[in-house]
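Below, chain A is the first sequence line, B the second, and so on; all start at residue 1.
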2 protein chains.
Amino acid sequence: MPEAVPQNEPASVRASAVETIQRELTSFARRARATAARLHPELSLVSYTLLAHLEELGGCRATDLAAHYALDKSTVSRQVSALERAGLVMRRVDPDDHRVQVLHPTAAGTEILAQVTVSRRQLFGERLADWSEDDLTRFAAYLERYNEAAAQGG
Amino acid sequence: MPEAVPQNEPASVRASAVETIQRELTSFARRARATAARLHPELSLVSYTLLAHLEELGGCRATDLAAHYALDKSTVSRQVSALERAGLVMRRVDPDDHRVQVLHPTAAGTEILAQVTVSRRQLFGERLADWSEDDLTRFAAYLERYNEAAAQGG
DNA sequence: TCCCTCTCGTTGCATTCTACAACCGGACTT
DNA sequence: AAGTCCGGTTGTAGAATGCAACGAGAGGGA
């Protein structure tokens, strides 16, 4: 049961800010896929994200990816299959538990990921060109903080 | 933190921040739809966003929605049709230009939108509960600033 | 050892979202 | 009046996604 949070106050400033945040975040979500498709048609936004995650962690299970990105395991399974067919990802059966397949980016996967990352970094860098370094780091910190809360709170 | 800060490149700080921003934004995008679907199955993320936009503006054209959310006009057309079939949106032909249909939320649309907004505001409010008002407004400002740049820069 | 149950992953199926292209009809320009 | 532009719809196709059912391996308890 949610407890009683002081709600009687106007809280107009907070509410307005929260409203703006959710609206702008969803607005961003609206654009993200199209942007990715335009920027790097060879690697969809999902594929890019999953591949980048594998690269960052140096390998993990499909279930981990599903949990981390709130995707169904079947979705991840298909995405991974596509990545494997494209030669960008390798599966390795865990010797300790034959149910698990540890996923790794291949050399080709790392290569393409690097290229895509460059172009993405360029685009995003242009968009953020006139931001001060201070604003950039603070914005980044806010986003991390938000996503952390979102990941836990469901 | 070591005080031996890499002095030769302030650019690395920027690149790192930009990297984080794009990663976190895309990570958010991964969750957004699922969150919306879980939170209010009766109104998809797209429908909610479009309807909220109509409510906020008090009515606009389908083309405006398409431009604002970087969606194809056919996509918006179908979404609006669905909203109209559901009785949440009304079309009104512009008397000055018979090509134009001005879209308005109906009473039912406003009603549902209000409910969904409440639940969304609650969820987002919980996620942002421990944020200071200052951080909230600054985060909101950053998001608006980013989306503005994204909208123009394509 | 033999079951029961859990976990990891795949596949069939249906739905939704989306873009592109072709098209219609109204409006503006010449 | 003709050509062009603009707002919107529809046909078509592809991709992403979730749910449910299933198979196979792992672990626990009788």
Side-chain angles (χ1 to χ4, degrees), chain A residues 26-27 29-51 54 59-86 89-104 154, chain B residues 26 29-51 54 59-86 89-103 154:
Chain A
T26 51
S27 175
R30 287 284 79 247
R31 300 175 192 276
R33 184 188 304 183
T35 300
R38 210 180 330 137
L39 191 61
H40 43 83
E42 74 280 8
L43 209 57
S44 78
L45 179 61
V46 197
S47 298
Y48 168 76
T49 308
L50 297 183
L51 192 53
L54 289 183
C60 72
R61 307 174 305 169
T63 297
D64 298 334
L65 293 176
H68 194 272
Y69 293 106
L71 288 170
D72 192 81
K73 54 184 180 175
S74 65
T75 300
V76 173
S77 174
R78 284 179 238 270
Q79 292 284 342
V80 168
S81 293
L83 286 172
E84 189 193 26
R85 272 196 305 276
V89 154
M90 230 181 54
R91 317 164 114 104
R92 204 176 304 165
V93 173
D94 185 338
D96 295 341
D97 187 339
H98 285 198
R99 294 171 302 177
V100 267
Q101 304 173 354
V102 184
L103 308 173
H104 298 269
Chain B
T26 51
R30 285 286 77 246
R31 299 175 190 278
R33 184 187 304 183
T35 300
R38 209 180 331 136
L39 192 60
H40 42 83
E42 73 281 9
L43 209 57
S44 78
L45 180 60
V46 196
S47 298
Y48 168 76
T49 308
L50 297 183
L51 192 53
L54 289 183
C60 72
R61 306 174 304 169
T63 297
D64 299 333
L65 293 176
H68 193 272
Y69 293 105
L71 288 170
D72 193 80
K73 55 182 180 176
S74 65
T75 301
V76 173
S77 174
R78 285 181 235 270
Q79 291 285 341
V80 168
S81 294
L83 285 172
E84 190 193 24
R85 273 197 303 278
V89 155
M90 231 180 53
R91 318 164 113 105
R92 204 176 304 166
V93 173
D94 185 338
D96 295 340
D97 187 339
H98 285 198
R99 295 172 302 178
V100 180
Q101 302 175 356
V102 183
L103 308 172

A:S44: which residues meet the side chain to side chain donor-acceptor pair (under 3.5 Å) condition with it, sequence neighbours left out?
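Expected list: A:S47.
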Partners of B:S74 by side chain to side chain donor-acceptor pair (under 3.5 Å), sequence neighbours excluded?
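Only B:D72 meet the side chain to side chain donor-acceptor pair (under 3.5 Å) criterion with B:S74.
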Using a cut-off of 4.0 Å between protein heavy atoms and nucleotide atoms, how would you tag nucleotides 7-16 of chain C 5' to 3' with B, S and -?
BSBBBBB---
[X] [atom1] to [N] [atom2]: how many Å, rounded?
X: A:L50; N: D:dA16; atom1: CG; atom2: P; value: 10 Å
X: B:D94; N: D:dC6; atom1: CG; atom2: C1'; value: 13 Å
X: B:L71; N: D:dT9; atom1: CG; atom2: C1'; value: 16 Å

Anything under 3.5 Å between a donor and an acceptor, one on a side chain of residues 89-100 of chain A, the other on a protein residue two or more places apart or in another chain? List them.
unit_1	atom_1	unit_2	atom_2	d
A:R91	NE	A:Q101	OE1	2.9
A:R91	NH1	A:E84	OE1	2.4
A:D94	OD1	A:D96	N	2.8
A:D97	OD1	A:R99	N	3.0
A:D97	OD1	A:R99	NE	3.0
A:D97	OD2	A:R99	NE	3.3
A:D97	OD2	A:R99	NH2	2.7

Test side chain to side chain contact (heavy atoms under 4.5 Å, CB included) applied to A:A36 - qualifying residues, sequence neighbours left out
A:H40, A:L45, A:R120
List in chain and number order the residues that pass ring-ring contact (aromatic ring centres under 6.0 Å, His included) with A:H104, two or more places apart in sequence or in another chain; answer none if no residue qualifies.
none
